[in-house]
S.K.: 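This is the structure I have questions about; it appears just below.
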Amino acid sequence: MRQIFYLVRQNLKRKPFRTWLMIGGIFLACATLFTAAILSKGIQYTLQTAGERLGADIVAVPADAREEALSALISGSPSTFYMPLSLEEKVRKTRGVQQTCAQVYLRSLDAACCVVQVALVGFDPERDFTINPWVLQKTAEPLQNNQLIVGAKVISAVVGTPAKAIGQRLMFMGKPFTVATILEPTGLGTDYTVFLTMDMAYRMTEESPLYPVPVKRDQISTILVKVDAGTDPALVAQSIEQNIPELKAVTANQLTRSFSRQLQNLVDALFVAGGIFSLLALILAGNLFALSVRQRMRELGLFRAMGAGRSLVFKLIVLEAVCIAGIGGFFGILAGFAAVYFGKDIITDMIGNLYMWPDTGYFLQTALTGMAASLLAGILGGLYPACRISGCEPYEAIRRGE
Amino acid sequence: MIRVETLSKQYKGVDVLNRINWRVEDGAFVIVTGRSGGGKTTLLSIVGGLTRPGEGKVFIDDADIWQLPEPELATLRNRKLGFVFQFPSLIPTLHVLDNVLLPIAFSGRNPNVEDREFAGSLLEMVGVTGKDDYSPSQLSGGQQRRVAIARAMINRPSIMLADEPTGDLDEKTEEEIMRLFQRINGQGTTVIMVTHALGYVKSGLAYTLKNSRLMPYEESEVASGSCAGEGEL
Ligand SMILES: Nc1ncnc2c1ncn2[C@@H]1O[C@H](COP(=O)(O)OP(=O)(O)OP(=O)(O)O)[C@@H](O)[C@H]1O
Ligand SMILES: [Mg+2]
């Protein structure tokens, strides 16, 4: 067997360029497919988590400000839109609604603290079910008036890790706050939102020169809805809109879908690229390999004349193909692994909304699958030329190879 | 002993070998001549287990070689037969010593120190020394031919089949190689050699392949002398 490996190695070294071309083709195919698989899984996780972390099944916003409201929810762009508090009561009475809570959005501000413009949102810590479950450090005590909960991307870029932001002092509209805790990323607007108590939110508009007319305490911006277990949020959203024409009700799915489409496009593009690369790699490597075997017919015939059995020649060729595919696959997967693993943050930055990555187990599983697939491709690629050549009589092979 | 019985081979409906009966005793030195395209290589490769005959049988030491299962035929080629081809046949990716050791690798074991020493002595015998790690392309044609002879002998075959081993070599080298085969034969190895070097015809049993038939050399000369033309009765 050692001798066979030696022969294979010597032969692969004979035309290094051709060998590297074959390996390179398989490398590219494996690298892109691996990356696509990991990203796609990450996106799947991200969407799932985003839905969960939104906390609410439905978000109801004023129908007349729906564009503005949706963009605030999805991307956190600071905006102001209001509706009467009384609508919350109506929503709560809709069939299928289990729980509601309201939030109030304040005008945008360029906070000195932060990289991006942030939205200031007041919520009711006593009744909230959308924020508290996703804070980084949970405390039993409800949020105080002088405390904030900040979204994952609000200041983490400034202080490094999100956890370091806790305890930071920040000024908003001339009032000092401390950061009580940080929200886990959602990929939605909450990543760029600063949450404070509703009471404080109203008080700030009353006292800030930015608000000549303060937001009244019976005005709210959004109503977050949790539906009864087993009820379809889409149906509930429909009946909310029917019963209360002033409202536009959006389900969590609809919200996450807005960015899932963008992410999905990316993954699709990667898969298409991976598919094309694979196809090209298979055609390229397959042809080059078949050619290299054909050019060696004479030599392989000589091997058999010297007493190499048909099965040995067969093994020799298949092993060679497997080596090429294996090396290409191994390094391709390694490159994909490295790209995703070390490039995580860059990718997250580039495609802001992707923040969940599959665990190491999935990485390994995908790597093994990819490896197995490329070895299999090698075996299949080697099989045909191997069959053809080992089916020949030795002298026939020698003659034809001349 | 090699025994060939009613051996025929056709290519595209044309007889190359026609009902040949032949016997080669152990330790014999046999020379086969004949016109180019007469079927000498075909005969040798059928006897050497490299080309399947159309009809007839080839026995080597009482084994009907074309009835053997493929692995056994491969083993026979590996252990009992040494084949020297008409054309350069060294493996270009392996250097000289590895080329010589190659048949050992095909016998299913890794060459050991003794094998290496034996390979060295064979290379010495064929007169290619100090070039163990040369690649074939760095050797002259005659040297390549001689390395191929050394390679054919590495498994100590009892039969050497040599197809025009002196083909395109100068007279002096031709003589050296002929002497080499005589030496090999002197050690007890049966040698069947295809050659056009008629000067050596006398040195062994000589046959001519003519009109797809194998006949003793002298006799064929007489036959061609008496029967004018190719006409057959
Ligand atoms: N595989 C093949 N297919 C078709 N024809 C073949 C094949 N092998 C040999 N022949 C034909 O059989 C005839 C004998 O060929 P062979 O090589 O045995 O001749 P030879 O006596 O060795 O000639 P030379 O002295 O030139 O080497 C030739 O006419 C050749 O064209
Ligand atoms: Mg010939």
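Treat the numbers as computed from the prediction; the structure is a model and nothing was measured. Protein chains get the first letters and strands the later ones, always in sequence-line order, with residue 1 at the start of each.
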S.K.: Tell me if the CZ atom of Phe59(B) is crowded by more than 12 foreign heavy atoms within 6.0 Å.
M.R.: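 Counting neighbours around CZ of Phe59(B), more than 12 heavy atoms of other residues, nucleotides or ligands fall under 6.0 Å, so yes.
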S.K.: Is it true that Lys9(B) and Asp15(B) make a salt bridge, defined as a side-chain N closer than 4.0 Å to a carboxylate O?
M.R.: no
S.K.: Give the member of Leu101(B), Ile91(B), Thr42(B) that has the highest number of heavy-atom pairs under 4.5 Å with chain A.
M.R.: Ile91(B)
S.K.: Tell me, please, which residues at least two apart from Lys57(B) pass salt bridge (Lys or Arg N to Asp or Glu O under 4.0 Å).
M.R.: Asp64(B)
S.K.: Using non-hydrogen atoms and a 4.5 Å limit, figure out which bit of Pro71(B) sits close to chain A: side chain, backbone, both or neither.
M.R.: neither
S.K.: For chain A, which residues from residues 134-158 of chain B have at least one heavy atom closer than 4.5 Å to it?
M.R.: Arg151(B)
S.K.: Looking at residues at least two apart in the chain, or sitting in another chain, which of them share a ring pair (Phe, Tyr, Trp, His ring centres under 6.0 Å) with Phe106(B)?
M.R.: Phe303(A)
S.K.: Got more than 12 heavy atoms from elsewhere within 6.0 Å of CZ, Phe337(A)?
M.R.: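 Yes, because the 6.0 Å sphere around CZ of Phe337(A) holds more than 12 heavy atoms from other groups.
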S.K.: Establish, yes or no, whether the cationic atom of Lys15(A) lies under 6.0 Å from the six-membered ring centre of Phe17(A) and within 45° of the ring axis.
M.R.: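 No.
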S.K.: Taking only residues at least two apart or on different chains, which pairs with a member in residues 78-90 of chain B satisfy salt bridge (Lys or Arg N to Asp or Glu O under 4.0 Å)?
M.R.: Asp61(B)-Lys80(B)
